Each structure stands twice: as structure tokens, then as C-alpha cells.
Amino acid sequence: MADTATTASAASAAASAPNASTDAPPFQLGKPRFQQTSFYGRFRHFLDIIDPRTLFVTEKRLREAVQLLEDYKHGTLRPGVTNEQLWSAQKIKQAILHPDTNEKIFMPFRMSGYIPFGTPIVVGLLLPNQTLASTVFWQWLNQSHNACVNYANRNATKPSPASKFIQGYLGAVISAVSIAVGLNVLVQKANKFTPATRLLVQRFVPFPAVGNNRDGGLCRRKEWDARESVSSANICNVVLMRYGELEEGIDVLDADGNLVGSSKIAARHALLETALTRVVLPMPILVLPPIVMSMLEKTALLQARPRLLLPVHSLVCLAAFGLALPLAISLFPQMSEIETSQLEPEIARATSSRTVVYNKGL
């Protein structure tokens with residue numbers, strides 16, 4: 001009788017298991033498709049997360065993806081489902097739903113929407129001959145978008161009232177815009193300073209090609225304004241929009257996914273890691289466009305049509321931005337690991353696990 005029950009159970013499990021696929025690894029619910037211990041694995045994982053094609057997933061397709069994962073979880077998969085279909089369903093869910101709340105992230109604030117919806121802002125920031133008012137407007141719009149992206153992709157294991165969001169938003173945008181516009185004005189006036197002061201400004205304010213030559217100076221100067229005027233503005237934005245995590249802590253989980261406790265130390269690590277990604281984010285935008293443009297500016301097309309310089313440079317900056325985003329957020333895994341000995345004593349006592357994990361956010 002026992003052998004019969006065992007055989008029946010095994011047959012049921014086999015029936016609900018996904019079909020083997022030669023081009024996809026065995027599916028693991030809630031686990032990344034690619035190894036997160038290497039940068040390349042994280043890079044491939046986040047390419048899935050930021051895939052703009054997920055913006056066009058319908059509500060019906062999302063429900064089907066979530067239901068497919070639920071069927072897998074409860075062992076009720078229909079026959080014929082492949083590993084590739086399961087990985088695709090999980091990709092859709094991770095790109096659209098917040099991992100902590102399981103609620104839909106507003107489309108412009110998803111990581112998959114960061115580049116498509118940021119494109120008009122980048123173009124606006126690249127416009128030449130801007131007034132102070134237009135500079136403030138585009139910087140405000142840029143930092144508002146950044147603030148909402150930071151908040152929408154935060155660790156949301158603790159509820160956050162709307163008042164804290166408003167306070168964080170005002171603080172983040174005012175500080176970020178003040179820093180960006182202030183440094184912009186400072187560098188624009190650098191030519192009026194004494195040689196010693198000008199050298200000091202140019203050394204401590206990273207600003208490529210302050211010169212005003214029409215071929216390169218405008219593009220180099222607008223490049224710094226184009227996306228992330230200064231890294232300090234990005235750090236202010238991240239910290240102020242997610243300050244509630246520092247006050248209340250974030251949930252940490254053991255290897256089996258069980259809640260161990262709430263840690264403020266883990267929250268500090270999460271914000272530090274996220275802030276570092278925002279520091280790295282503008283680097284490819286500052287390095288790649290000057291190299292590419294220096295070659296393109298020598299072509300007959302651009303030499304004959306100098307008005308194309310800014311549009312072409314805008315496209316180059318956007319391409320660099322598209323590369324910079326996955327590179328930056330791949331520095332750390334989204335589910336980061338930390339030793340319990342580094343956390344609060346009450347958390348270390350609450351588990352026998354040597355390490356715990358937490359959602360860093362994006």
C-alpha cells in the first residue's frame with residue numbers, strides 16, 4: 001500500500017513538473033535565472049528587469065504569468081509548460097510588480113521605463129542656450145523622475161505614509177536641483193575668476209570641456225547637465241526618498257525565506273549600495289560620448305552640417321545611458337546578503353543562520 005502511494009505521489013509531481021528545455025536552465029521559483037555571484041550574471045539578470053518590452057505586457061498577460069507561477073508553486077502546472085515559459089512569466093512579474101508589496105509599479109517609474117520615459121527629459125536637458133528658468137525646469141523634471149523611481153523601487157517591507165513621501169520628495173528635489181543648478185552657475189562664471197580660483201573650480205567640479213567652442217564645448221558642457229549633473233545630487237535624492245528605511249529598518253530573511261527581524265543596519269547597507277549605483281550611473285555618459293563624438297565630428301556629414309552635432313550627440317548620450325543603467329545596477333544583487341554578526345544583537349540571536357538576505361531595492 002505504501003509503495004502504491006509513493007508511486008502515485010511521484011507520478012503527480014512528475015506531471016506538474018515543467019518540461020525540460022535545452023535552451024533554459026531548470027526553473028527555480030523566486031530565484032534569478034542567472035547566477036548573482038558574478039557581475040556578468042547580475043548584468044544578464046538586470047537586462048531582463050529593465051527590458052522595455054515588458055512595458056507592453058497587457059493586464060491579461062500579467063495575470064496569466066502570475067497564475068502560472070502560482071500553479072508551479074502549488075504543483076498544479078498544466079502539461080506541456082516549459083522552463084522557458086516559467087522564466088518568462090517570472091521576468092514579467094519581476095519587471096512589473098514590486099517584490100515586497102506585489103503591487104504594480106506605475107509604468108514611468110519602473111526600471112524598465114527609466115530610459116524610455118527619461119528620454120524626453122534628457123533631450124530637454126541637452127537643449128542649447130537655456131535660460132535659468134528652463135534649466136531649473138528640466139532639472140526639476142529630471143530629479144522628480146529620479147525621486148519617483150527611487151521611491152517606487154525602494155525596499156517596501158515597512159509601510160510608509162504619504163506625508164513621508166511628500167517630505168522626502170520636496171527635500172530630494174530641492175537639494176538636488178540646488179546642487180545641480182548651483183554648480184552649473186558656478187562653472188559658467190568660472191571664466192570671470194582669477195586663474196587660481198578657476199583652476200580650483202575646474203578641479204573640484206567635474207565638468208568636461210568648460211570651453212565655449214561650438215564644435216565640442218557645448219556638447220561637453222550639456223553632457224554633464226544631460227542626466228546626472230553631480231553625483232552628490234543623486235545621493236541626496238536616494239537618501240531623502242528612502243530615509244524612512246533608516247528610521248524603521250528593513251526586513252531580513254534567512255536562507256529559507258523566513259522573516260528574522262527588522263534591521264536598521266541592513267537598511268544603511270541597502271541605501272549605501274543603491275547610492276553607489278547612482279554614483280557610477282553617470283560615468284559611462286561622461287566617458288563614452290566624448291570618445292564617440294571626437295570620431296563622428298571628423299566625418300564629412302557632420303562637418304558639412306554642424307547643426308546635426310547636438311541631435312547626434314543626444315543620441316550618443318542616450319545610447320550611453322542605456323548601457324550605463326544595467327552596468328550600474330549590476331554592481332550589487334537586488335537580494336543582498338549580510339552576515340548576522342554585523343547586524344543588531346537581537347537579530348543575531350533570532351536565527352542560527354550565518355547570513356541573512358534583504359531586498360536592496362533598485
Side-chain angles (χ1 to χ4, degrees), residues 29-32 36-37 42 45-46 49-50 90 93-106 109-111 114 146-169 171-172 175 234-281 328-362:
L29 183 64
K31 303 292 184 181
Q36 298 296 283
T37 53
R42 294 193 296 272
H45 169 68
F46 284 118
I49 299 296
I50 69 171
Q90 183 159 276
K93 181 181 178 181
Q94 289 179 336
I96 298 175
L97 302 183
H98 194 284
D100 294 329
T101 65
N102 273 327
E103 295 178 355
K104 286 181 67 173
I105 300 174
F106 188 43
F109 307 147
R110 299 173 195 167
M111 293 309 291
Y114 193 44
N146 286 344
C148 291
V149 168
N150 289 332
Y151 184 80
N153 294 277
R154 73 196 187 284
N155 179 297
T157 53
K158 302 292 182 186
S160 179
S163 59
K164 284 196 173 182
F165 167 77
I166 295 173
Q167 291 172 5
Y169 168 76
S175 61
N234 299 334
I235 295 173
C236 285
N237 203 311
V238 170
V239 172
L240 289 172
M241 288 307 301
R242 296 177 55 178
Y243 186 75
E245 298 173 36
L246 296 175
E247 291 184 321
E248 301 181 12
I250 59 176
D251 289 351
V252 293
L253 313 172
D254 62 19
D256 298 321
N258 300 316
L259 176 63
V260 176
S262 183
S263 172
K264 295 181 180 180
I265 296 176
R268 289 203 297 267
H269 280 261
L271 260 67
L272 175 61
E273 291 171 349
T274 305
L276 287 174
T277 65
R278 300 305 193 266
V279 172
V280 173
L281 182 60
I329 62 178
S330 298
L331 289 176
F332 307 98
Q334 183 170 358
M335 298 303 295
S336 292
E337 190 175 52
I338 187 171
E339 293 186 2
T340 53
S341 59
Q342 299 181 32
L343 301 178
E344 292 86 344
E346 60 270 21
I347 293 180
R349 291 193 298 266
T351 180
S352 58
S353 299
R354 188 179 64 84
T355 61
V356 292
V357 297
Y358 57 89
N359 175 22
K360 169 185 69 65
L362 290 175

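Keep in mind it's a predicted model, so treat the numbers as computed, not measured. The residues of the chain are indexed from 1 along the displayed sequence.
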Checklist entry - What is the distance from atom CZ of Arg154 to atom CD1 of Ile250, rounded to the nearest 0.5 Å? => result 12.0 Å
Checklist outcome for this item: Here the gap from Phe46 atom CZ to Met111 atom CE, rounded to the nearest 0.5 Å, amounts to 8.5 Å
Checklist entry - Which heavy atom of Gly249 sits nearest a heavy atom of Ser262, and at what distance? => result C-OG, 3.5 Å
Checklist entry - Out of Lys360, Gln36, His45, which one pairs with Pro333 under the side chain to side chain contact (heavy atoms under 4.5 Å, CB included) rule? => result Gln36
Checklist entry - Who passes ring pair (Phe, Tyr, Trp, His ring centres under 6.0 Å) against Tyr358, sequence neighbours left out? => result none
Checklist outcome for this item: Residues at least two apart in sequence or cross-chain that pass salt bridge (Lys or Arg N to Asp or Glu O under 4.0 Å) with Asp251, listed by chain then number, are Lys158
Checklist outcome for this item: Residues at least two apart in sequence or cross-chain that pass side chain to side chain donor-acceptor pair (under 3.5 Å) with Glu247, listed by chain then number, are Lys164
Checklist entry - Hey, mind stepping through Lys264 and Leu246 against side chain to side chain contact (heavy atoms under 4.5 Å, CB included) and telling me if it holds? => result CA-CA 6 Å; Lys264 295 181 180 180; Leu246 296 175; over 6 Å; no
Item to check | Non-neighbouring partners of Gln90 that pass side chain to side chain donor-acceptor pair (under 3.5 Å), sequence neighbours left out | outcome: none
Next on the checklist: Within the structure provided, determine whether Ile329 and Ile50 are in side-chain contact (heavy-atom separation under 4.5 Å).
Outcome noted: yes
Checklist entry - Do the side-chain N and O atoms of Asn146 and Tyr114 include a donor-acceptor pair separated by under 3.5 angstrom? => result yes
Checklist entry - Can you tell me how far OG1 of Thr37 sits from CZ of Arg42, rounded to the nearest 0.5 angstrom? => result 8.0 Å
Checklist entry - Given the rule in the side chain to side chain donor-acceptor pair (under 3.5 Å) test, do Glu339 and Thr355 qualify, once you have shown the distances and angles that lead to the verdict? => result CA-CA 4 Å; Glu339 293 186 2; Thr355 61; over 6 Å; no
Next on the checklist: I need the Leu343 CG to Thr351 OG1 distance, nearest 0.5 Å.
Outcome noted: 10.5 Å
Next on the checklist: My understanding is that only residues two or more places apart in sequence, or in another chain, count here; which of them pass side chain to side chain contact (heavy atoms under 4.5 Å, CB included) with Leu253?
Outcome noted: Leu259, Val357
Checklist entry - Phe332 and Thr274: side chain to side chain contact (heavy atoms under 4.5 Å, CB included), yes or no, with the steps? => result CA-CA 8 Å; Phe332 307 98; Thr274 305; over 6 Å; no
Checklist entry - Mind checking what makes salt bridge (Lys or Arg N to Asp or Glu O under 4.0 Å) contact with Lys104, not counting sequence neighbours? => result Glu59
Item to check | Partner set under side chain to side chain donor-acceptor pair (under 3.5 Å) for Ser330, not counting sequence neighbours | outcome: none
Item to check | Residues which pass salt bridge (Lys or Arg N to Asp or Glu O under 4.0 Å) with Glu337, listed by chain and number, not counting sequence neighbours | outcome: none
Checklist entry - Just checking, is any N or O donor in the side chain of Arg278 or Asn150 under 3.5 Å from an acceptor N or O on the other one? => result yes
Next on the checklist: Tell me every residue that passes ring pair (Phe, Tyr, Trp, His ring centres under 6.0 Å) with Tyr169, counting only those two or more places apart in sequence or in another chain.
Outcome noted: none
Next on the checklist: Could you walk me through whether Asp100 and Asn359 satisfy the side chain to side chain contact (heavy atoms under 4.5 Å, CB included) test, starting with their C-alpha distance in whole Å, then the side-chain angles of each, then the deciding distance to 0.1 Å, before giving a yes or no?
Outcome noted: CA-CA 8 Å; Asp100 294 329; Asn359 175 22; 3.0 Å; yes
Checklist entry - Under the side chain to side chain contact (heavy atoms under 4.5 Å, CB included) criterion, do Asn153 and Ile105 qualify, and how do the steps go? => result CA-CA 8 Å; Asn153 294 277; Ile105 300 174; 3.8 Å; yes
Checklist entry - Does the side chain of Leu97 come within less than 4.5 Å of Glu103's, by heavy atoms? => result no
Checklist outcome for this item: Interatomic distance, OG1@Thr340 vs CG@Asp254, rounded to 0.5 Å, equals 11.0 Å
Next on the checklist: Once side chain to side chain donor-acceptor pair (under 3.5 Å) is applied, do any residues pair with Thr277, and if so which ones, sequence neighbours excluded?
Outcome noted: none
Item to check | Pairs satisfying salt bridge (Lys or Arg N to Asp or Glu O under 4.0 Å), at least one member in residues 265-275, at least two apart | outcome: none
Item to check | Least distance between heavy atoms, Ser263 atom then Ile347 atom | outcome: CB-CD1, 3.3 Å
Item to check | Counterpart residues, salt bridge (Lys or Arg N to Asp or Glu O under 4.0 Å), relative to Arg242 (two or more places apart) | outcome: Glu245
